[in-house]
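Computed from a predicted model, the values in this text were never measured in an experiment.
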Amino acid sequence: MPRDRFDPALSGGTKRSRCPPPRPPSFMTTIDPTAFSTALLAWYDVHHRTLPWRVSPRERAAGLRADPYRVWLSEIMLQQTTVAAVKAYFEKFTLRWPRVEDLAAAPDTAVLAEWAGLGYYARARNLHACARMVAGEYSGRFPETAAALKALPGIGDYTSAAIAAIAFDEPAAVVDGNVERVTSRLEAIEAPLPGAKPLIRAVVEQLTPTERPGDFAQAMMDLGATICTPTKPACVLCPVRPFCTASRAGEAERYPVKQKKKAVPERRGAAFVAVRGDGAVFLRRRPGTGMLGGMSEPPTTSWSARSDGALGAAAAPFPAEWRRVGEIEHGFTHFRLVLEVWRADGEQRPGIEGWWSQPQEIAGEALPTVMRKVLKAAKIVAPAPRNSQSTETRKTAR
DNA sequence: AATTCGTGGCC
DNA sequence: TGGCCAAGAAT
C-alpha cells in the first residue's frame with residue numbers, strides 16, 4: 001500500500017490563495033540511501049550498458065574521466081529520443097566535429113543538415129548556440145556545476161544535473177523519464193505525472209550518493225531501460241526489489257500514474273514540388289523559429305486546422321503546371337498533418353526566395369522526415385538521409 | 001501550468 | 001492499427 005503522504009489529494013488539490021506559501025512538502029523516504037545505492041551500483045558494475053559516450057565503471061575507477069563535450073552532446077540528443085536512434089547521429093557529429101570548438105565553427109546550415117531526421121529541431125539550434133557560448137565565453141571548457149550549466153541554451157533541469165553528475169561528479173539529482181518510473185514504483189506514488197515531479201525529485205535527492213553520483217544516475221537510467229521497463233518490468237531480476245513498494249504489492253506496472261492527454265487534432269495543407277528539366281528540386285528555408293524552424297522544405301502552404309478544401313493549385317507559391325500527385329500523412333506530437341502533394345515539371349521561374357537542389361544534393365539537405373515523405377510522394381529520387389558538405393557553401397539562388 | 005516543439009519502434 | 005513511449009526544454 002502506498003503511504004498516505006503520497007495521496008494524490010495532498011499534492012493535487014485546490015490551492016489556497018492566502019497565507020501559506022506553496023512550499024514543496026518535505027517528503028522523507030524510508031529507503032536507506034546507503035543500502036540502496038550500494039545494491040544499485042553493484043548491479044551497475046556488472047550490467048551497465050556500453051555506449052559510445054560513456055566511460056565504464058572500471059575505467060572510471062582507474063581515473064579516466066568522461067569528456068564533457070561528448071556527455072553534453074549525447075544528453076542533448078537523448079532528450080525524448082531513444083538510444084538506438086541517437087547512436088548513428090552521435091558518431092556522425094563527433095567524427096565531423098571532435099571538439100566543441102569545431103562544432104562552434106560550423107555553419108548553422110551544416111548542423112541542421114546533420115540533425116535532419118532526429119526531430120525536435122530547436123535542440124539543434126540550441127546545441128549550436130551553446131557550443132558557440134562555450135567556445136567563446138568559456139574558452140572551450142564547459143562550466144562544471146549544474147547551476148551554471150543550466151544557464152546555457154538547451155540545458156534544463158535534467159540535462160544540467162546529468163552533465164554535472166556524469167562529467168564532474170556533482171551529486172545532483174538526475175530525473176528523467178526512467179528515473180520517474182523507477183522512483184514512482186519504489187515509493188508507489190499515486191499522484192499523477194507531471195504533477196508528481198517535485199515529489200519524485202525530493203526522493204531522488206535523498207537517494208543520490210556523494211560517491212559515484214554519475215554512475216548512480218546512469219545506473220538508475222539503465223535500470224529503467226532494461227529492468228524497470230514501462231510494461232512487463234522484470235522485477236525478478238531487479239537489484240533493488242527489496243526497496244520497492246510497488247513490486248512488493250505485485251503492481252509495479254501500475255506506476256507511474258499519468259495524467260491523460262488530449263486527443264490530437266488534424267491539420268491540412270499542401271506541398272508544391274517543382275522539378276526542373278535537369279532533375280533539380282526547388283527548396284526553401286523555413287522561418288528560424290517555430291515548427292521545423294530553420295529546416296528546408298519544398299514550398300508548403302500554412303497548415304490550417306482542417307481547411308475545407310480550398311487548397312489545390314490556387315494555393316501554389318508561384319504559377320506552374322501543377323498536378324496533384326498524392327497525399328501524405330505525418331504524426332506530430334500535438335497534431336496530425338495531412339499534406340496534399342503537388343508537382344510541376346519543366347523550366348520555371350519561382351520568383352521567391354529559395355534554391356534549386358540537384359538530385360545528388362537532396363540527401364544532404366536539412367529536410368525533416370515529413371518533407372522527405374513529400375518528396376517521396378512526388379517521386380523524387382532521394383537517397384536515405386546522408387550527410388554532404390554541399391549545404392555549407394551553396395548560395396541562395398533563384 | 002499548460003503548450004509547443006519530431007520521430008521511430010513497439011505491442 | 002493506433003496509442004504509448006524515449007536520457008526534456010522553452011515559453
Lys/Arg cation over aromatic A/Y89: A/K92, 6.0 Å, 45° cone: yes
Kindly point out which of C/dA6, B/dG6, C/dA9 is positioned nearest to the side chain of A/Y121? B/dG6
Between C/dC4, C/dA10, C/dG8, spot the one nearest the side chain of A/N126, thanks. C/dA10
Side-chain-base donor-acceptor pair under 3.5 Å for A/Y120 and B/dG6: yes
Donor-acceptor pair under 3.5 Å: do we get one between A/T81's side chain and the base of C/dG8? no
So if I take every side-chain heavy atom of A/F332 and compare against C/dA7, B/dT7, B/dT4, which nucleotide ends up nearest? B/dT7
Regarding A/L51, tell me which of base, sugar-phosphate or nothing describes its non-hydrogen contacts under 4.0 Å with the strands shown. base
Would A/H330 and A/F332 count as a close aromatic pair, with their ring centres under 6.0 Å? yes
Just the rounded figure in Å: distance from P of B/dT7 to CG of A/L112. 13 Å
A/E329 CD to C/dG2 C1': how many Å, rounded? 12 Å
A/N178 CG - C/dG8 P separation (whole Å): 7 Å
Rounded to whole angstroms, how far apart are NZ on A/K260 and C1' on C/dC5? 19 Å
With heavy atoms under 4.0 Å as the rule, sort A/T159 into base, sugar-phosphate or nothing. sugar-phosphate
Looking at every strand, decide which applies to A/V370 at a 4.0 Å heavy-atom threshold: base, sugar-phosphate, or nothing. sugar-phosphate
Report the C-alpha separation of A/E327 and A/R324 in whole Å, then their side-chain angles, then the decisive distance to 0.1 Å, and conclude whether the salt bridge (charged side-chain N to carboxylate O under 4.0 Å, His left out) test is met. CA-CA 8 Å; A/E327 188 176 276; A/R324 190 182 191 283; 3.0 Å; yes
Taking the minimum atom-to-atom distance to the side chain of A/Q79, which one of C/dA9, B/dT4, C/dC4 wins? C/dA9
With nearest nucleotides of DNA chain B determined for A/P194 and A/M291 from heavy-atom distances, which residue corresponds to the more 5′ nucleotide? A/P194
Taking the C1' atom in each of B/dG6 and C/dC5, what is the distance between them to the nearest angstrom? 13 Å
Touch check for A/K262, heavy atoms < 4.0 angstrom, all strands: base, sugar-phosphate only, or nothing? sugar-phosphate
Quick one: on DNA chain B, does A/R125 or A/A85 contact a more 5' nucleotide (nearest heavy atom)? A/R125
Tell me what A/W53 touches on the nucleic acid: a base, only sugar-phosphate, or nothing, going by heavy atoms under 4.0 Å. base
So A/T369, base contact, sugar-phosphate only, or nothing? Heavy-atom distance under 4.0 Å. sugar-phosphate
About how many Å separate CE of A/M371 and OG1 of A/T369, when rounded to the nearest 0.5 Å? 10.5 Å
Base, sugar-phosphate, or nothing: which does A/G290 touch, judged by heavy atoms less than 4.0 Å apart? sugar-phosphate
Taking atom types as modelled and ignoring hydrogens, do the side chains of A/W355 and A/E365 form a donor-acceptor contact shorter than 3.5 angstrom? yes
Work out how far the P atom of B/dC5 is from that of C/dA6, and round it to whole angstrom. 22 Å
Identify whether any heavy atom of A/P153 sits under 4.0 Å from a base atom; if not, whether one sits that close to sugar-phosphate; answer base, sugar-phosphate or nothing. sugar-phosphate
Interatomic distance at P, B/dT3 relative to C/dA7, whole Å: 24 Å
If Ile, Leu, Val, Met, Phe, Trp and Tyr residues are connected whenever their side-chain heavy atoms lie under 4.5 Å apart, and connections chain through other members, are A/V86 and A/Y120 in the same group? no
Would you say the side chain of A/R49 and the base of C/dA7 hold a donor-acceptor pair, judged only by whether the two atoms sit under 3.5 Å apart? yes
After noting the C-alpha distance and the side-chain angles of A/N178 and A/M220, does the key distance pass the side chain to side chain contact (heavy atoms under 4.5 Å, CB included) rule? CA-CA 7 Å; A/N178 288 304; A/M220 287 285 276; over 6 Å; no
Pick the nucleotide of DNA chain C nearest each of A/P230 and A/V264; which residue has the one closer to the 5' end? A/V264
Between A/I155 and A/D176, which is nearer to the 5' end of DNA chain C once each is assigned its nearest nucleotide? A/D176
Does the side chain of A/E180 reach to within under 4.5 Å of the side chain of A/L193, using non-hydrogen atoms? yes
Which part of the nucleic acid does A/I76 contact within heavy-atom distance under 4.0 Å: base, sugar-phosphate only, or nothing? nothing
Atom C1', compared across B/dG9 and C/dA9: separation rounded to whole Å: 23 Å
Between P of B/dG6 and CH2 of A/W303, the distance in whole Å: 8 Å
Taking any heavy-atom pair under 4.0 Å as a contact, classify A/R54: base, sugar-phosphate, or nothing. base
For A/L78 and C/dG8, what is the distance between atoms CG and C1' respectively, to the nearest whole Å? 11 Å
Would you say B/dT7 has OP1 or OP2 under 4.0 Å from some side-chain N or O of A/H330? yes
Between C/dA6 atom P and A/L118 atom CG, what is the distance in whole Å? 17 Å
A/Q259 CD - B/dA1 P separation (whole Å): 12 Å
